[in-house]
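One structure is given here, and the rest of the page talks about it.
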Amino acid sequence: QVQLEESGGALVQAGDSLRLSCALSGRTGAYYYAMGWFRQTPGKEREFVAVLNWNDRYVVDSVKGRFTISGDNSKNMVYLQMNSLKPEDTAVYYCVATPLFSSGVDYRRATSYSAWGQGTQVTVSS
């Protein structure tokens with residue numbers, strides 16, 4: 001079983017930047033993990049934001065050009081650099097992970113991930 005711990009959430013102003021970090025620990029076995037981020041606002045379903053599947057990066061269209069995902073596979077770390085933040089980016093951001101997935105897996109679905117962090121709050125004021 002693996003655990004995820006996020007950090008970096010904060011209250012910022014529109015236009016500011018923020019970097020979220022996530023560390024994976026626990027019994028990873030012989031697997032490398034795809035790691036990424038979802039976000040959720042009250043009353044809405046969790047929304048896919050970005051994922052790093054070894055060297056492949058996928059980012060939701062609504063944040064392309066503003067958010068960048070990066071990571072260190074050897075350290076089981078993933079980062080989400082968020083620039084030009086907008087009030088609509090306000091949400092709880094969850095780190096997710098699952099053993100590296102092959103083509104055909106829908107990385108945008110929450111059910112594709114086997115591990116979730118507790119979440120970190122990002123609030124963007126206007």
Side-chain angles (χ1 to χ4, degrees):
Q1 188 173 357
V2 300
Q3 295 83 40
L4 299 171
E5 183 173 0
E6 306 102 331
S7 61
L11 169 62
V12 297
Q13 293 186 333
D16 285 351
S17 296
L18 203 58
R19 189 174 88 148
L20 304 182
S21 301
C22 177
L24 183 152
S25 62
R27 302 183 62 165
T28 60
Y31 298 104
Y32 285 103
Y33 279 72
M35 297 179 68
W37 299 90
F38 277 68
R39 64 185 181 184
Q40 188 174 28
T41 55
K44 294 188 176 181
E45 292 188 357
R46 293 182 179 183
E47 174 193 26
F48 167 78
V49 177
V51 68
L52 180 61
N53 186 41
W54 195 248
N55 289 324
D56 294 327
R57 291 172 172 79
Y58 304 98
V59 180
V60 69
D61 286 345
S62 61
V63 305
K64 277 184 179 178
R66 299 190 298 120
F67 291 12
T68 302
I69 188 168
S70 62
D72 186 333
N73 291 311
S74 64
K75 296 181 180 180
N76 286 327
M77 293 288 299
V78 70
Y79 310 97
L80 186 67
Q81 178 66 41
M82 304 184 292
N83 299 329
S84 302
L85 282 162
K86 303 176 180 180
E88 50 263 44
D89 295 318
T90 295
V92 177
Y93 284 71
Y94 294 92
C95 181
V96 296
T98 200
L100 291 178
F101 41 68
S102 58
S103 60
V105 173
D106 190 347
Y107 54 84
R108 299 163 297 178
R109 293 177 63 89
T111 53
S112 296
Y113 299 88
S114 56
W116 289 73
Q118 293 297 308
T120 186
Q121 177 70 46
V122 173
T123 303
V124 184
S125 64
S126 58

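As a basis for the values below, the full set of heavy atoms in this structure was taken, side chains included, without hydrogen atoms, waters or symmetry mates. Starting from 1, each residue takes its place in the sequence as its number.
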Inset, instruction - Give the intermediate values and the outcome of ring-ring contact (aromatic ring centres under 6.0 Å, His included) for residues Trp37 and Phe48. - result: CA-CA 7 Å; Trp37 299 90; Phe48 167 78; over 10 Å; no

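In this structure, the side chain of Asn53 does not engage the main chain of Asp56 through any donor-acceptor pair within 3.5 Å.
Every salt bridge (charged side-chain N to carboxylate O under 4.0 Å, His left out) that Arg39 has, sequence neighbours left out, goes to Glu47, Asp89. Residues passing the salt bridge (charged side-chain N to carboxylate O under 4.0 Å, His left out) test with Arg57, sequence neighbours excluded: none. With sequence neighbours left out, Lys64 forms a salt bridge (charged side-chain N to carboxylate O under 4.0 Å, His left out) with Asp61. With sequence neighbours excluded, the residues that form a side chain to side chain contact (heavy atoms under 4.5 Å, CB included) with Thr68 are Gln81.
Looking only at atom types and distance, the side chain of Asp106 has no donor-acceptor partner in the side chain of Ser112 under 3.5 Å away.
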Would you give me the side-chain donor-acceptor pairs under 3.5 Å for residues 19-26, sequence neighbours excluded?
none

Extract all donor-acceptor atom pairs below 3.5 Å that involve side chains of residues 117-126 and protein atoms in other chains or at least two apart in sequence.
| from | atom 1 | to | atom 2 | distance (Å) |
| --- | --- | --- | --- | --- |
| Thr120 | OG1 | Gly9 | N | 3.1 |
| Gln121 | NE2 | Ala91 | O | 3.4 |
| Gln121 | NE2 | Thr123 | OG1 | 3.2 |
| Ser125 | OG | Val12 | O | 3.3 |

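Within the structure, ring-ring contact (aromatic ring centres under 6.0 Å, His included) contacts touching residues 65-103 (residues at least two apart or in different chains) do not occur. The disulfide (SG to SG under 2.5 Å) analysis of residues 50-83, with sequence neighbours excluded, yields no pairs. For residues 1-16, the set of pairs meeting the side-chain hydrogen bond (donor to acceptor under 3.5 Å, both in side chains) definition, not counting sequence neighbours, is empty. Among residues at least two apart or in separate chains, there is no disulfide (SG to SG under 2.5 Å) pair with a member in residues 97-126. Within the structure, disulfide (SG to SG under 2.5 Å) contacts touching residues 96-126 (residues at least two apart or in different chains) do not occur.
Hydrophobic clustering keeps Leu52 apart from Met77 (ILVMFWY residues linked when any side-chain heavy atoms are closer than 4.5 Å, directly or through intermediates). Side-chain heavy atoms closer than 4.5 Å link hydrophobic residues (I, L, V, M, F, W, Y) into clusters, and following such links, possibly through other members, connects Val105 to Val2.
The hydrophobic cluster containing Trp54, built from Ile/Leu/Val/Met/Phe/Trp/Tyr side-chain heavy atoms closer than 4.5 Å, also comprises Tyr32, Leu100.
For the pair Ala50 and Val59, the tightest heavy-atom approach, listed with the atom from each and the gap, is CB-CG2, 4.1 Å.
Note that OG1 of Thr98 and OH of Tyr107 are 15.5 Å apart. Values are rounded to the nearest 0.5 Å.
Proximity of the aromatic rings of Phe38 and Tyr113 is defined here by a centroid distance below 6.0 angstrom, and this criterion is met.
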